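Chain letters run A, B, ... following the sequence lines, proteins first, then strands; residues in each count from 1. What you are looking at is a predicted structure, and each value in this text was computed from that prediction instead of being measured.
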Number of protein chains: 2
Amino acid sequence: MFCGIIAGEVPASRVYEDDHVVAFMDVRPLTAGHLLVVPRAHAASLEDLGVDPGMRVFAAAHQLARALRNSAVPCEGVNFFLADGVAAGQEVFHVHLHVIPRTPGDGFRLKAKPRSPGRDELDATAERVREGMDSLPG
Amino acid sequence: MFCGIIAGEVPASRVYEDDHVVAFMDVRPLTAGHLLVVPRAHAASLEDLGVDPGMRVFAAAHQLARALRNSAVPCEGVNFFLADGVAAGQEVFHVHLHVIPRTPGDGFRLKAKPRSPGRDELDATAERVREGMDSLPG
């Protein structure tokens, strides 16, 4: 679907585009002004996304966050959100970074139960992440 | 606080660092493996953060997401989350990108009430965002 938007074949309310990314309004906004930034080159997941296209998606989101705060859209804060994989809530399999303007009482929040593990557990988890990093292919 | 971690003066379970960013385990993880990526140069907000440091934060998070999926940490998906401003839930005023490994039933989710505005409303909002972008200083 996002490839159709990028190609101009599917209607969208565009806010920004360059050679690498396109940004447009989410049709199911969590708050007014909620927009999506996507890479032009199709990538279903972070695993498929190049490092450079990823950085360009973030750079566009960064400037759009500044633009929202500088605009007539109600915006006292901004969240970025990205879901990679079904387990993370990804529904459209073309990488997209959500940019969500926030105002007090807008009804959007994270629901979670944070823990407070000890340093030993945190260090052991960190070691596992470093091992995963060291053994990445490519 | 994050400046103390970056300087090595405050304990942290580090997973990655380079000349531009440091990544370490969140001490209040929403799921096991939840980590934070921060720019070395202090920036309280996205407004204070340079474009290049922002891209480097994202690039590190991108590789750490791949590392989590490639590690012994339970991870079937990944969320990125960033809060800019009190209204967005920011609590530590040094820009940080959350990288959160996900598994089914881990208890983490977004709580929100999405709307379905018509195209006219989406187009009008998009116009406001573009005006905000066009009038950004710098």
Side-chain angles (χ1 to χ4, degrees), chain A residues 11 13-16 25 28-30 32-33 35 46-47 51 54-55 58-59 62-63 65-68 70-73 76-88 90 102-104 107-117 119 122-123 125-126 128-133 135-136, chain B residues 11 13-16 25 28-30 32-33 35 46-47 51 54-55 58-59 62-63 65-68 70-73 76-88 90 102-104 107-117 119 122-123 125-126 128-133 135-136:
Chain A
S13 300
R14 292 178 178 228
V15 293
Y16 175 77
M25 307 313 297
R28 290 279 287 161
L30 302 185
L35 54 90
L46 292 178
E47 189 64 34
V51 173
M55 290 195 296
F58 188 88
H62 188 177
Q63 295 314 305
R66 297 181 64 225
L68 280 163
N70 188 49
S71 79
V73 177
E76 296 180 28
V78 174
N79 286 126
F80 291 167
F81 183 75
L82 184 147
D84 187 65
V86 171
Q90 186 176 7
R102 301 295 310 278
T103 52
F108 173 55
R109 67 182 184 87
L110 303 188
K111 191 169 182 304
K113 302 161 201 152
R115 295 174 55 243
S116 294
R119 183 58 64 192
L122 292 171
D123 282 348
T125 306
R128 288 176 168 192
V129 179
R130 288 193 301 267
E131 287 168 359
M133 194 79 154
S135 63
L136 273 180
Chain B
S13 301
R14 290 178 180 231
V15 293
Y16 175 78
M25 307 313 297
R28 289 279 288 160
L30 302 185
L35 55 89
L46 292 178
E47 189 63 34
V51 173
M55 291 194 297
F58 188 88
H62 188 177
Q63 295 314 305
R66 296 181 64 224
L68 280 164
N70 187 49
S71 79
V73 177
E76 296 180 29
V78 175
N79 286 125
F80 290 165
F81 183 74
L82 185 147
D84 187 65
V86 172
Q90 186 175 6
R102 301 295 309 278
T103 53
F108 173 54
R109 68 182 182 87
L110 302 188
K111 191 168 183 302
K113 301 162 202 152
R115 295 174 56 244
S116 295
R119 183 58 63 192
L122 292 171
D123 282 347
T125 306
R128 288 175 168 192
V129 179
R130 289 193 300 268
E131 287 169 356
M133 195 78 154
S135 63
L136 272 180

When only pairs under 4.5 Å are counted, which of [options] shares the most heavy-atom pairs with chain A?
| options | result |
| --- | --- |
| B:T125, B:T103, B:L82, B:L30 | B:L82 |
| B:G77, B:G85, B:P104 | B:G77 |
| B:Q63, B:K113, B:E131, B:E76 | B:Q63 |
| B:R130, B:R128, B:K111 | B:K111 |
| B:S71, B:A112, B:P117, B:P114 | B:P114 |
| B:P29, B:G107, B:S116 | B:P29 |

Inset, instruction - Side chain from CB out, backbone as N, CA, C, O: work out which of these in A:Y16 comes under 4.5 Å of a heavy atom of chain B, or both, or neither. - result: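 Interface part for A:Y16: side chain.
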Inset, instruction - Identify which part of A:A65 has an atom lying under 4.5 Å from any heavy atom of chain B, answering side chain, backbone, both or neither. - result: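 Side chain only.
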Inset, instruction - Could you list the residues that satisfy side-chain contact (heavy atoms from CB on, under 4.5 Å) with B:S13, not counting sequence neighbours? - result: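 B:S13 satisfies side-chain contact (heavy atoms from CB on, under 4.5 Å) with A:R119, A:L122, A:D123, A:A126, B:M25 only.
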Inset, instruction - For residues A:R102 and A:N79, report the shortest heavy-atom separation together with the two atoms involved. - result: NH1-OD1, 2.6 Å
Legend entry - Shortest non-hydrogen contact between A:S135 and B:N70, atoms and distance: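 Closest pair (atom of A:S135, atom of B:N70, distance): OG-ND2, 2.9 Å.
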Inset, instruction - Could you list the residues that satisfy salt bridge (Lys or Arg N to Asp or Glu O under 4.0 Å) with A:E47, not counting sequence neighbours? - result: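 A:E47 satisfies salt bridge (Lys or Arg N to Asp or Glu O under 4.0 Å) with B:R66 only.
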Inset, instruction - Check whether B:F108 gets within reach of chain A through its side chain, its backbone, both or neither, counting any heavy atom under 4.5 Å. - result: both
Legend entry - Heavy-atom proximity to chain A below 4.5 Å, by part of B:A83: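 Both backbone and side chain of B:A83 come within 4.5 Å of chain A.
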Inset, instruction - Heavy-atom pairs under 4.5 Å with chain B are the metric here; pick the option from A:V86, A:L68, A:V73 that has the most. - result: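 Greatest number of close heavy-atom pairs with chain B: A:V73.
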